[in-house]
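Structure first, commentary second.
Chain identifiers are assigned alphabetically (A, B, ...) following the order of the sequence lines, protein sequences preceding nucleic acid strands; residue numbering begins at 1 within each chain. These values consider heavy atoms only, across backbone and side chains, with no hydrogens, waters or symmetry-generated copies.
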Amino acid sequence: MTQKEPLEELPAQYNPAETERELYKRWEAAGIFTANRSESSRSGGSDTPFVIVMPPPNVTAVLHMGHGLNNAVQDVITRWRRMSGDETLWVPGTDHAGIATQNVVEKLIARETGQTRFDLGREAFVARTTEFVEETGGAILQQLRAIGASCDWTRTAYTLSPELSHAVREAFVRLHEKKLIYRGHRVIHWCPRCLTSLSDEESEHSESTGKLYYVDYLLADGGTADRKAITVATTRPETILADVAIAVHPDDERNRRFVGLEVTLPVTGLRVPIIADEYVDPEFGTGALKITPAHDANDFEVGKRHKLAMPVVIDAEGRIQDPGDGAGRVPQSLLGLDRFEAREKMVEMIRAEGRMLKIDSHQHGVRHCYRCDTVVEPRLSDQWFIRMQPLAAPALAAVRDRKIRVMPERWEAVYINWLEGIRDWNISRQLWWGHRIPVWYCDPCKKEFASREDLTACPDCKGSVRQDPDVLDTWFSSWLWPFSTLGWPNEKSADLKAFYPTDDLITAPEILFFWVARMIMAGIEFMGEPPFHTVYLHGTVRDTNHVKMSKSLGNGIDPLDVVKLYGADALRFTAISGLGMGADVILDPADLEKSFAPGRNFATKLWNIGRFLLSRVGDSPVREISTIGSDELTRADAWILSRLNIAIEECDRALGPARPRDGTWTEEETRSGLRLSEYAESARRLVWNELADWYLESLKGRLQEEGDDREVARAVLVHAFDTALRLLHPIVPFVTEALWQRLPPGKARDMEFIAVSRWPKAMEVPARAAEFENVRNAVVALRQLRADYAIPPGKIIAANVVAKDSAAVYEQEASIIGRLSGTTVAVVDGPTSETSAHILLPDGSEILVPLAGVVDIVRECEKLRTELSQLDKQLTALTTRLGNENFTARAPASVVQAEREKHAEWSARKAQMEEKVRSLCGS
RNA sequence: GGGCGAGUAGCUCAGUUGGUUAGAGCGCCUGCCUUACACGCAGGAUGUCGGGGGUUCGAGUCCCUCCUCGCUCACCA
């Protein structure tokens, strides 16, 4: 494809595979995706750069359809803005993905050597992981090239690179200095498999059917005649071992008389007090709640309020342990048991004591680790937290004040809802893979120091220090992404100055809280303004049963397979066409052909338009469209130019404003743009239904003979195709580039690549473009008539036009009408006596098709009468409406006016048809 | 349980401030290998716009209600 061979020698079917690879190499080699920060490298560019930062895929990830869709969307937007003249930067990169990557490597090591990370030791494990990441990491970025992603690869970032690690440390220390980061002792979510704490977002609720156990706690003093015990409902009887109290609501009539007494725990017989706390819901269960401060976040709060002991009876791996408080909390038989086995065992023991009142089935939410799906254990421990409320307030304001628009709009409510209820963020992880927390402890001084530089000695006593062993939540580096990738915290960074804030953040809704909301908070906190103007949350890729595609479910599609079979353009076109605002993309993993044929077919269609064009237009230079006088243009020329204008306008509107005018979106703008499926449809319709189906077909006669008109036709054709290619380039970059490279020389090809050519603008078009509609109407009607009468495709028939007031149009366009409808067109004065079929055109003209022996008068009359009665019905409705004073008085004048015009038109047509029926059918 | 959204042709979806004859792609039916394209061309069929009620001159569009699905959050054990 690098050489230019005559297009007519090209195969009828476009072969994307080698073309795409070759073109991508040429784009990259030419450096056209590299953003130039000092000044626009292209003339006509806008002053404002356009910037997107890629949601960094996990460094160990392989490309799946979700990435395919996400990056296709980003690339469409990026290419559109690049062509619109913005200095464009799309920053690619990867995420070190703490837990995910550590899990992968742990499994790998286990498979290879049977060792655990503890066998290896921290240093060796991190070294091994680094090595693994270097081997496999970034493969996904290479794969993104295959789908055409026009990223600036010179700025590829990685969350664990030295630069970004520097940013992480700076961010931590600053927040620590502002006391927004603190160390807290409380119940957090703990994954007993990953052996780390998790944030609220990382422990996902899922509804499940469990059991609610009703257990009697005997009153220690023996109780009264009517009341020997207090019944407590619990879902986790194993935690009875760590119970330190029973709580009731202070106003609970039934129970408050027991406050201050004691009960004995089942199994262990330990005595605990009955306390009053408003947290208890007197309506639920028995109104009495067991308090287990170390194994339930709410109980912890209650425990703190009442200064209760907090024994821990479940260890890091989810096994029963003795808390070591000497209270004899755990029977020997339960020690070391898994928490779920222990639960069964406890139930048995409680039963054996006769204290299990009943067991109900119970629907409740259980939290699971988002990485390994293990049931999360609430665990009392020391962790680092970020105080979120001060960060959330301005992030809320940014969206409420429309500094940022969230699209589709409904996610805005979700965002606000979440931020309003935000709780502090647990950022420490008991992992080895990640950014080590930059805090050092001096044991003698009992002090801690957060530091930008590694500490080797205590700043106070000069004694030895030890660094906190934990690492930071992966998302602590991700939330800095829009500025850490641009050089922050280096204030002198030219990239940061030139490209922050970015424009669009394009991702899936799944990470709205994990990532998007936190980036907004970090952007405002560290950079003083929100990190982007638009958040676009696109749909999910699902199979035909609407199940999200995933490798583990086996319903995935490998984008690289699709690229290999049908081409990246096919993949992109299919994905973008299927992406309604807020809609999911449905694909059939069992039938790739069905899913991607529309995209492939469209690329082939473009390819064949290109073949036609080159074979007819040749290689010699064409006139520039602006040098052609309007009187030189045929109606067809004017028509296609007008269709170009409409398509350009539709595409512009669908893609919408790229950025707010003064930093704040108008309400209307928050709903405008990024309608990618509409953009794709407009461009597709232009190419297929207008350029190919009509203009090309109408043109065929004009390109044969040398002369001025041929030059005009060549010029318009090249211009139209050039415009269409430009409009489509963001969606199908490869085939458009391949074809554009072959356009004949001339003003059209003003750049080395279509990828950096100018986005089309509407141009002035002569009014007679509209007259071409008469041609189209005549052709369509004649084709219908042929089908009705089953006239053989090859047979040329006569078509006599009785023109109403545009005889000249039909005369001049007779050959086009004729060729497109298989007729010989003549303009005649009036009806003849021949037996004819009749066509009434919208403009009031009539076509008579003499079909002696074929035409069936009875049938013609039937058809006419049917049509007439339908028209009559509609006309009656219209007449009634216009006669309704309520309508004429209250409806807008423009609507009434339009209805009146329509009424006149329909009346005329009705009269004409009635006349026709009279003359043709008698009666 | 709280919040949000969706239900339009067999399937996937458009339908932008209410404006009258509700659209597209795929699929389906009929006829065509018409020298750019059969990955194509021409023609065609298909909708009680989830049910019910209301507002309005006019409702797929606004309001109420019910049904069904989905998303999201959640400290009633």
Side-chain angles (χ1 to χ4, degrees), chain A residues 7-8 10 12-14 200 205 212 232-236 247 279-286 288-292 296-301 362 364-365 408 410-414 416-418 421 509 512-513 540 544 546 566 570 577-587 593-595 597-616 653 668 671-672 675 677-678 681 684-685 692-693 696-697 700 780 783-784 786-788 790 792-794 819-822 870-871 873-874 877-878 881 884-892 894-896 898-899 902:
Chain A
L7 207 74
E8 60 267 38
L10 293 174
Q13 281 177 15
Y14 168 60
D200 295 346
H205 266 277
L212 191 59
V232 170
T234 179
T235 54
R236 301 200 57 196
Y279 163 68
V280 182
D281 175 2
E283 304 301 317
F284 185 87
T286 60
L289 175 64
K290 69 192 223 36
I291 301 297
T292 320
D296 182 286
N298 298 307
D299 291 8
F300 173 76
E301 296 301 325
H362 182 59
H364 65 139
R410 62 191 185 87
W411 289 106
E412 186 180 310
V414 177
I416 287 171
N417 202 15
W418 183 76
L512 176 59
F513 306 139
T540 308
T544 45
H546 292 208
Y566 308 107
S577 302
L579 190 69
M581 179 57 75
D584 291 329
V585 176
I586 311 289
L587 298 171
E593 165 85 17
K594 185 181 158 202
S595 298
R600 176 204 55 190
N601 296 353
F602 183 59
T604 304
K605 186 71 181 180
L606 277 170
W607 181 254
N608 277 294
I609 294 169
R611 286 176 72 227
F612 170 84
L613 181 143
L614 262 259
S615 70
R616 305 303 168 95
R653 199 178 32 207
E668 194 198 342
R671 288 190 296 269
S672 308
R675 295 164 181 263
S677 59
E678 287 178 32
E681 174 53 24
R684 191 207 65 84
R685 199 199 55 234
D693 289 350
L696 243 58
E697 293 302 330
K700 283 179 174 170
V780 167
R783 284 171 175 170
Q784 284 168 346
R786 296 184 67 110
D788 276 354
R819 189 155 27 72
L820 297 188
S821 60
Q870 269 168 6
L871 180 63
K873 223 160 65 188
Q874 284 157 9
L878 192 53
R881 194 175 310 136
N884 182 343
E885 269 178 45
N886 274 323
F887 174 69
T888 49
R890 296 188 200 191
S894 61
V895 172
V896 176
E899 296 289 86
K902 202 186 302 177

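The nucleotide whose nearest atom lies closest to any side-chain atom of Arg675(A) is, among G15(B), C39(B), G5(B), G15(B). Distance from the side chain of Asp693(A) is smallest to A42(B) among G43(B), A42(B), A77(B). With C73(B), C4(B), A77(B) as the candidates, the nucleotide lying closest to the side chain of Trp418(A) is C73(B). The side chain of Ala583(A) has C13(B) as its nearest neighbour among C13(B), C4(B), G25(B). Taking only side-chain atoms of Pro892(A), from C-beta outward, the nucleotide of G25(B), A74(B), G19(B) with the closest atom is G19(B). The side chain of Val780(A) approaches G43(B) more closely than any other nucleotide in the set C37(B), C71(B), G43(B). Distances were taken from every side-chain heavy atom of Asn417(A) (C-beta onward) to each of G2(B), A36(B), A14(B); the shortest belongs to G2(B). When distances are taken from the side chain of Arg410(A) to each of C75(B), G5(B), G31(B), the shortest belongs to G5(B). Ranking U72(B), G25(B), A77(B) by closeness to the Thr235(A) side chain, first place goes to A77(B). Among C73(B), A77(B), U20(B), the nucleotide with an atom closest to any side-chain atom of Val895(A) is U20(B).
Using a 4.0 Å heavy-atom cutoff across all strands shown, Ala233(A) reaches at least one base atom of the nucleic acid. Counting any heavy atom pair closer than 4.0 Å across all strands shown, Leu289(A) reaches a base atom. Counting any heavy atom pair closer than 4.0 Å across all strands shown, Val280(A) reaches a base atom. Residue Leu212(A) is classed as having no contact, given no heavy-atom separation below 4.0 Å to the nucleic acid. Nucleic acid contact for Ala692(A): base, since at least one base atom lies under 4.0 Å from a heavy atom of the residue. Looking at heavy-atom distances under 4.0 Å, Tyr566(A) makes no contact with the nucleic acid at all. Base engagement by Glu697(A) is indicated by at least one non-hydrogen atom pair under 4.0 Å involving a base atom. Residue Ala12(A) is classed as a sugar-phosphate contact, given heavy-atom separations below 4.0 Å to backbone atoms only.
Ile586(A) places its CD1 atom 10 Å from the C1' atom of C13(B), with the value rounded to the nearest Å. Atom pair Lys700(A):NZ and U35(B):C1' shows a separation of 8 Å (rounding to whole Å applied). When rounded to the nearest whole Å, the span between CD of Glu899(A) and C1' of G58(B) equals 10 Å. Atom CG of Asn886(A) and atom P of U55(B) are 14 Å apart (whole Å). Atom NE2 in His546(A) sits about 12 Å away from atom C1' in G7(B), given to the nearest Å. Between the CG atom of Asp584(A) and the P atom of G5(B) there is a distance of 17 Å, given to the nearest Å. With rounding to whole Å, Arg653(A) atom CZ is found 12 Å from U17(B) atom P. As a whole-Å value, the separation of Tyr279(A) OH from C76(B) P is 7 Å.
Checking the phosphate oxygens (OP1, OP2) of U21(B), no side-chain nitrogen or oxygen of Gln870(A) falls inside 4.0 Å. Contact between the side-chain N/O atoms of Asn298(A) and the OP1/OP2 oxygens of C76(B) is not found at any separation under 4.0 Å. One finds no side-chain N or O of His205(A) lying less than 4.0 angstrom from the OP1 or OP2 phosphate oxygen of C73(B). Proximity of Lys605(A) to the phosphate of A38(B): no side-chain N or O atom is located under 4.0 Å from OP1 or OP2. Between Arg616(A) and A36(B) there is a side-chain polar atom (N or O) within less than 4.0 angstrom of OP1 or OP2.
A 3.5 Å limit on both hydrogen-bonding distances identifies G5(B) as the Watson-Crick or G-U partner of C69(B). The partner of U56(B) cannot be assigned: no Watson-Crick or G-U wobble pair with both contacts below 3.5 Å exists in any strand. Across all strands shown, the partner of G43(B) is C29(B), judged by Watson-Crick or G-U wobble contacts whose two distances both fall under 3.5 Å. Here A22(B) sits opposite no nucleotide as a Watson-Crick or G-U wobble pair (both hydrogen-bonding atom distances under 3.5 Å). Look at C76(B): it lacks any Watson-Crick or wobble partner with both distances under 3.5 angstrom.
Using a 3.5 Å distance cut-off with no hydrogens or angles, the side chains of Asn884(A) and Arg881(A) do not pair a donor with an acceptor.
To the nearest 0.5 angstrom, Asn608(A) atom CG is 12.0 Å from Leu613(A) atom CG. If you take CG on Leu212(A) and NE2 on His364(A), they are separated by 8.5 Å, rounding to the nearest 0.5 Å.
Comparing the C1' positions of C49(B) and A59(B) gives a spacing of 11 Å, expressed to the nearest Å. Rounded to whole Å, the separation between the P atoms of U8(B) and G54(B) comes to 24 Å. A74(B) and G3(B) have their P atoms separated by 15 Å, with the value rounded to a whole Å. Separation of the P atoms belonging to C26(B) and C41(B) is 10 Å when rounded to the nearest angstrom. Comparing the P positions of G18(B) and C64(B) gives an interatomic distance of 16 Å, to the nearest angstrom. Here, U35(B) and G47(B) have their C1' atoms 42 Å apart, quoted to the whole Å. A gap of 8 Å separates the C1' atoms of C62(B) and U55(B), to the nearest Å. The C1' atoms of U21(B) and U17(B) are separated by 23 Å, rounded to the nearest whole Å.
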Open item on the list: Assess the residue pair Phe602(A) and Arg684(A) against the criterion (side chain to side chain contact (heavy atoms under 4.5 Å, CB included)); give the C-alpha distance rounded to whole Å, side-chain angles, the decisive distance to 0.1 Å, and a yes or no.
Closed with: CA-CA 8 Å; Phe602(A) 183 59; Arg684(A) 191 207 65 84; 3.7 Å; yes
- [ ] Test side chain to side chain contact (heavy atoms under 4.5 Å, CB included) on Leu289(A) and Phe284(A) and set out the steps.
- [x] CA-CA 9 Å; Leu289(A) 175 64; Phe284(A) 185 87; over 6 Å; no
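Applying the 3.5 Å distance criterion, the base of A36(B) shares no donor-acceptor pair with the side chain of Gln13(A). Counting atom types as modelled, Arg600(A) pairs a side-chain N or O with a base atom of C39(B) as donor and acceptor under 3.5 Å. The base of U16(B) does not come close enough to the side chain of Arg671(A) for any donor and acceptor atom to sit less than 3.5 Å apart. Residue-to-nucleotide contacts include no donor-acceptor pair under 3.5 Å from the side chain of Gln874(A) to the base of U20(B).
Between Trp418(A) and Phe513(A), the ring-plane angle classifies as parallel under the 30° and 60° cut-offs.
Of all heavy-atom pairs between Val585(A) and Leu579(A), the closest is CG2-CD1, 3.6 Å. Looking at every heavy atom in both residues, Phe612(A) comes nearest to Lys700(A) through CE1-CE, 3.6 Å.
Tyr566(A) is listed as a side-chain neighbour of Glu593(A), based on a closest heavy-atom distance under 4.5 Å.
Both Thr286(A) and Glu678(A) lie near RNA chain B, and the one whose nearest nucleotide falls closer to the 5' end is Glu678(A). Mapping Thr234(A) and Tyr14(A) onto RNA chain B via the closest heavy atom, the residue that lands nearer the 5' end is Tyr14(A).
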